[in-house]
Amino acid sequence: MPVKRVLVTPGLSMGSLNMAGYRETQGQYVMLLNDDVIARTPGWDEQVLAAFRSFPDGMVLVHVNDSVFKDSLCIFPFVTRKFCSLMDGICKEGYRRYRIDDHIHNIFDLLSLLGHHRRVFLPDVLFEHTNLEAAGDGAVHYIPNQAIHALDTTLFDSLLEERKGIALAAMGHIIGDADPIGFARCQHKLDQVTDSVAIRLPEHARWLHTGISVSAAQPRVTVGIVSADFRSAHAIQCLDLVKAHTGNYELILIDNNRDPGFNHSREMNRMLSICRTEYLVLMDDDVLVEPGWLGGLLRGVGPEVGVVTPLHKDRYGSLSYAGIVMSPDDTGHHTHILEVPNNPRPIQTICSAIMLIHMDRCGHVRLDENYSKYFLDIDYGLQIWEQGFQVVCSPYCQVTHLAGATLEQGSPRSAQLFEEQRLRYWRSWVDSGRIRKLRQGIWTTIPEITWLTQMSEKIDRLVTDGAKQDREAFLRHAHAAVHTLRFYPVFREYIASRARLGIGQRPARADDPETGHLAVLLGLTGLQPVLFEEGFDGMNLVLDDSIYYALPQTEGTYSHERIVRSGYSRSFEAESAAALKSLILNSKGIPLQGHIRQPALTRVPDAGPAYRSIGRMNPLVHYLEIGGYEGRDPHPAFNTAYYLANNPEVATMGMTPLEHFLEIGAAKGCKPNADFDPLAYLQEHPEAAEEGINPLVHYLLHNGRE
């Protein structure tokens, strides 16, 4: 390792010394370290780098176990150069000796308040801090110089507003800055913070046990696969992929051989009773794993986690599961979350197609064998919460879940069995009050779950008080609520059921003085189009899935399929009623035919064939939120299938292949297609490297003219 020595003027403050060293650094990652520390963990640098790789945007703080403050304070922080650019350096030169670590730590506490937990603690990486003194009680402690500490504390307190600005800037790097209203809300939230130390909460730390690695001599993971028949094609593929992409594990197979008395819960309990390792992966035979899947599940394990599930894709490659949300009406109906989290996300309960169980914590919990097919996983996940442990979905692992391979979904037998077991769930959890205890107990400490409660309360207020609100204000609030919940289908169904109940036998019309607000909510869900306004300049206005459409009064009823194929003499589409009316009036007297969209809704012409039929979402937004995880090509020059085949680790990193290429891949020489070599291109065009432009972007901007 090359060492660079920097000579400075004697008597400099610690802040100035750190900045003098920082100015000489050139690497992507920077650590603050004193000379009174002993690195006790071999290979610590690779473990730190592994933590950084999970956050390619660079907005992350990694800190090790100093044996004194541990996870409570980042005594020796690692940060990225990209983050340092937001701070104008690694620290403030005015700090004499103390509070430098507090300064960095507090920025990430503020970021956590905004919903982005980016402080990663590595408990297994030990940097022993030797600056300890014997105290009166005979023990050794870290004892600061109180006079200097007081001076640095005064400076630290005075810089709170500056740290808030850095936290907001960091959030901008994480989510982009296209939502000024959202940023205003975040600014308001940070305005409430007056005490930096008061927000130093243990839940802001994301523990990463780098020591979780399976051993060939003493396997820590058992993989148990339950099958109705291991001779089936999907079961053979499942087993082949587990063997191909897993190392150092025990494998247990239970083949029911198509026994008509097959009980899924009973077979899973047999696995639990057999397992003797620290972790058990229980999975069905219609789950197809990918490279790195087991490590991605293990990365979801934190100090309070009992069960981890991965992301699911369906057989077509679309995201189909990122957790389960129960309907707020407590009927037992539920749907999957369809949003990839940034970090392991606590979820109400699980799909048990594949789950990692921490046996030391939850190995004693059994599945209820009265659930033979459905609700066994709903019940099991809730039981884990009752034991005081979290259930999480890990974004670092994704699998393909074929679903329905054993019992066809939607079949009469499937529907009958679902309803029978839903009623059992209702008696066991709702009627008994157990689910209420979770809502009023442990779930109140989980922000991701309390948010669900807050949103259901917001929906209830829109339903009960909407008729009393100013119409324009109600429309804004209703649109915002439904948009926020777009990845939670169960809420759309809940909104629709409440709206339909309130409307009753009346027509669903937004201009109804009594139930018009309910009709608006129903139209926003996309589950039923509603008449928004009749006879505006000879057109009927219809609200369907948050989009407003207009069709001639004289040409029949609304049909979205007919709209899409320009089946009316002319029709219009806009994101608001006001914009729709402007389109209609501006087109008056112009001999236009077919379907006319508001310009903001028009697809980008060169977005590529895969995006010309997306319909209602801006193509870039669709790619970043959905398409990238479905394996779509964002541009003819970027071959997603080729990129994933040659860089399989991307599938477990919680980012789209294009994001990986732009942030990480190009610099490593990852090719976006078979014909373009980014490193060779940079050698031929050094000006691209000098300007810091991605080589493929540079090529496309210049159209290969050079």
Side-chain angles (χ1 to χ4, degrees), residues 264 282-284 286-288 296-297 300 307-356 371 373-382 384-385 390-410 414-415 418 421-422 425 435 443 446 448-449 451-453 455-456 459 482-497 525-527 545 625-631 651 654:
H264 210 91
L282 271 178
M283 60 187 294
D284 297 344
D286 60 353
V287 173
L288 310 179
L297 279 178
V307 171
V308 182
T309 63
L311 303 172
H312 294 187
K313 299 179 294 184
D314 63 22
R315 64 185 68 228
Y316 307 107
S318 299
L319 178 71
S320 60
Y321 165 89
I324 296 286
V325 179
M326 304 302 297
S327 178
D329 58 14
D330 273 340
T331 57
H333 291 289
H334 54 276
T335 62
H336 296 179
I337 299 171
L338 299 177
E339 178 186 37
V340 177
N342 290 326
N343 302 298
R345 173 173 53 201
I347 52 180
Q348 288 180 325
T349 189
I350 62 171
C351 169
S352 64
I354 174 171
M355 56 181 175
L356 177 106
Y371 301 108
K373 178 63 177 177
Y374 297 109
F375 285 90
L376 58 95
D377 40 11
I378 304 297
D379 175 89
Y380 181 74
L382 296 177
I384 300 301
W385 282 108
Q390 294 183 9
V391 177
V392 305
C393 178
S394 171
Y396 311 124
C397 172
Q398 61 180 355
V399 301
T400 297
H401 182 205
L402 300 178
T406 304
L407 178 62
E408 182 182 356
Q409 294 181 341
S414 169
F418 178 90
Q421 301 196 349
R422 184 187 68 82
Y425 161 82
I435 192 78
W443 281 355
I446 308 298
E448 294 86 348
I449 298 181
W451 179 81
L452 298 174
T453 302
M455 292 308 299
S456 65
I459 292 167
V482 174
H483 178 75
T484 300
L485 295 167
R486 64 195 183 280
F487 299 119
Y488 300 80
V490 74
F491 279 99
R492 287 180 176 252
E493 295 173 6
Y494 177 63
I495 294 169
S497 66
T525 65
L527 299 177
D545 200 8
E625 295 184 351
I626 301 173
Y629 302 101
E630 294 179 343

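Residue numbers count from 1 along this sequence.
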Test applied, side chain to side chain contact (heavy atoms under 4.5 Å, CB included); reference residue, T309; option that passes from L297, I347, I324, T349: I347

Quick one: are Q398 and L319 in side-chain contact, heavy atoms under 4.5 Å? no

Interatomic distance, L311 atom CG to I337 atom CD1 [nearest 0.5 angstrom]: 10.5 Å

So F418 and F375, would you call those rings parallel, tilted or perpendicular, with 30° and 60° as cut-offs? tilted

Minimal non-hydrogen separation, F491 against L452, with atom names: CZ-O, 3.7 Å

With side chains defined as the heavy atoms from C-beta onward, is the minimum distance between E339 and Y488 less than 4.5 Å? yes

Ion pair present between R492 and D545, side-chain N to carboxylate O less than 4.0 angstrom? yes

Test item: Y321 side-chain N/O and C351 main-chain N/O as donor-acceptor pair under 3.5 Å: yes

Do any pairs count as a salt bridge (Lys or Arg N to Asp or Glu O under 4.0 Å) and have a residue in residues 316-329, sequence neighbours left out, and if so which ones? none

Side-chain touch I435/W385, heavy atoms, less than 4.5 angstrom: no

Find the distance between CE (M355) and CE (M283) and round it off to the nearest 0.5 Å. 12.0 Å

With heavy-atom distances below 4.5 Å as the criterion, would you say the side chains of S352 and L376 are in contact? yes

Evaluate the side-chain proximity of T484 to W451: yes if any heavy-atom separation is below 4.5 Å, no if none is. yes

Measure the spacing between SG of C393 and NE2 of H312 and express it to the nearest 0.5 Å. 7.5 Å

Report the distance from atom NE2 of H336 to atom NE2 of H401, rounding to the nearest 0.5 Å. 8.5 Å

Could you tell me which non-hydrogen atom of P344 sits nearest to which non-hydrogen atom of G300, and how far apart they are? CG-CA, 3.9 Å

Between I495 and the options T525, L527, V490, the side chain to side chain contact (heavy atoms under 4.5 Å, CB included) test singles out T525

Considering residues at least two apart in sequence or located in another chain, which fulfil the salt bridge (charged side-chain N to carboxylate O under 4.0 Å, His left out) criterion with D330? R439

Find the distance between OG1 (T453) and CD (Q348) and round it off to the nearest 0.5 Å. 7.0 Å

All heavy atoms of T335 vs all of P489, minimum pair found to be OG1-C, 3.6 Å

Would you find a donor on one side and an acceptor on the other, under 3.5 Å apart, between the side chain of Q421 and the backbone of Y371? no

Heavy-atom distance under 4.5 Å between the side chains of L382 and Y425, does that happen here? yes

Closest heavy-atom pair and its distance - R345, A322: NH2-O, 3.3 Å

Would you confirm whether R422, through its side chain, and T331, through its main-chain N or O, come within 3.5 Å as a donor-acceptor pair? yes

Taking every non-hydrogen atom, the tightest pair across S394 and G296: OG-O, 2.8 Å

Heavy-atom pair with the smallest gap, counting every atom of P310 and C397: CB-O, 3.3 Å

Working to the nearest 0.5 Å, report the span between CD of Q390 and CD1 of I449. 8.0 Å

